[in-house]
Amino acid sequence: MSFTHVLAVAPVTDIDAAVTWYERFFGRPADTRPMAGLADWHVTSCGWVQVFQSPEHAGSTLLNLAVEDLDRTLQDLAERGVTTVGEIQPGAQQVRFAAVHDPDGNRITLIENPVA
């Protein structure tokens with residue numbers, strides 16, 4: 001079995017409000033809006049984050065994104081108005097992480113893993 005992409009999907013109640021928030025989070029507009037109720041951000045060449053209008057599932061996503069510099073990432077988010085970030089937590093082997101929630105409660109954990 002071979003895969004070409006990984007797509008993480010965050011269900012939301014209001015696609016327009018969610019797109020506005022995720023544009024601030026990613027610091028740019030969606031890469032594509034392939035159909036009504038869906039927006040894609042291509043975060044790596046093979047990894048996409050999709051925001052999909054699905055009120056019955058909204059708030060149930062746990063999304064982990066690895067970053068090179070957690071402090072800088074959190075500073076960038078604050079400058080873009082994303083300030084509801086939890087405290088930085090230590091993990092095993094020099095890993096650090098902090099979580100932010102979108103307006104529907106989907107949790108996005110930012111992970112710095114210098115030993116990766």
>> Determine whether Phe26 and Val43 satisfy the following criterion, side chain to side chain contact (heavy atoms under 4.5 Å, CB included), listing intermediate values before the conclusion.
In response: CA-CA 9 Å; Phe26 286 115; Val43 296; 3.4 Å; yes

> What side chain to side chain donor-acceptor pair (under 3.5 Å) pairs are there with at least one residue in residues 21-37, not counting sequence neighbours?
Replying inline: Tyr22-Asp102, Arg28-Asp31, Thr32-Asp40

>> Counting only heavy atoms not in Glu68 (residues, nucleotides, ligands), do more than 12 fall under 6.0 Å from its CD?
In response: no

>> Same cluster or not: Val19 versus Leu38, using hydrophobic residues (I, L, V, M, F, W, Y) connected whenever any side-chain heavy atoms lie under 4.5 Å apart?
In response: no

Donor-acceptor contacts under 3.5 Å from residues 5-18 side chains, at least two apart:
residue, atom, partner, partner atom, Å
Thr13, OG1, Asp104, OD1, 2.8
Asp14, OD1, Asp16, N, 3.0
Asp14, OD1, Ala17, N, 3.1

> Should Asn106 and Leu63 be marked as a side chain to side chain contact (heavy atoms under 4.5 Å, CB included) after you check the CA-CA gap, both sets of side-chain angles, and the distance that decides it?
Replying inline: CA-CA 8 Å; Asn106 294 306; Leu63 174 63; over 6 Å; no

>> I need the Asp71 CG to Arg96 CZ distance, nearest 0.5 Å.
In response: 4.0 Å

> Shortest non-hydrogen contact from Thr109 to Ala99?
Replying inline: OG1-CB, 3.9 Å

>> Test of understanding: clusters of I, L, V, M, F, W, Y form through side-chain heavy atoms closer than 4.5 Å, transitively. Do Ile88 and Ile108 belong to the same one?
In response: yes

> Do Leu74 and Leu65 belong to the same hydrophobic cluster, where Ile, Leu, Val, Met, Phe, Trp and Tyr are linked whenever their side-chain heavy atoms lie under 4.5 Å apart, directly or via other members?
Replying inline: yes

>> Which heavy atom of Phe25 sits nearest to which heavy atom of Leu77, and what is that distance?
In response: O-CD2, 3.3 Å

> Can you list the residues that meet the salt bridge (Lys or Arg N to Asp or Glu O under 4.0 Å) rule with Arg72, with sequence neighbours excluded?
Replying inline: Asp76

>> Does His42 have more than 12 heavy atoms from other residues, nucleotides or ligands lying within 6.0 Å of its NE2?
In response: yes

>> Test of understanding: clusters of I, L, V, M, F, W, Y form through side-chain heavy atoms closer than 4.5 Å, transitively. Do Phe52 and Trp41 belong to the same one?
In response: no

> Can you name the nearest heavy-atom pair linking Gly105 to His101, along with the distance?
Replying inline: O-CD2, 3.3 Å

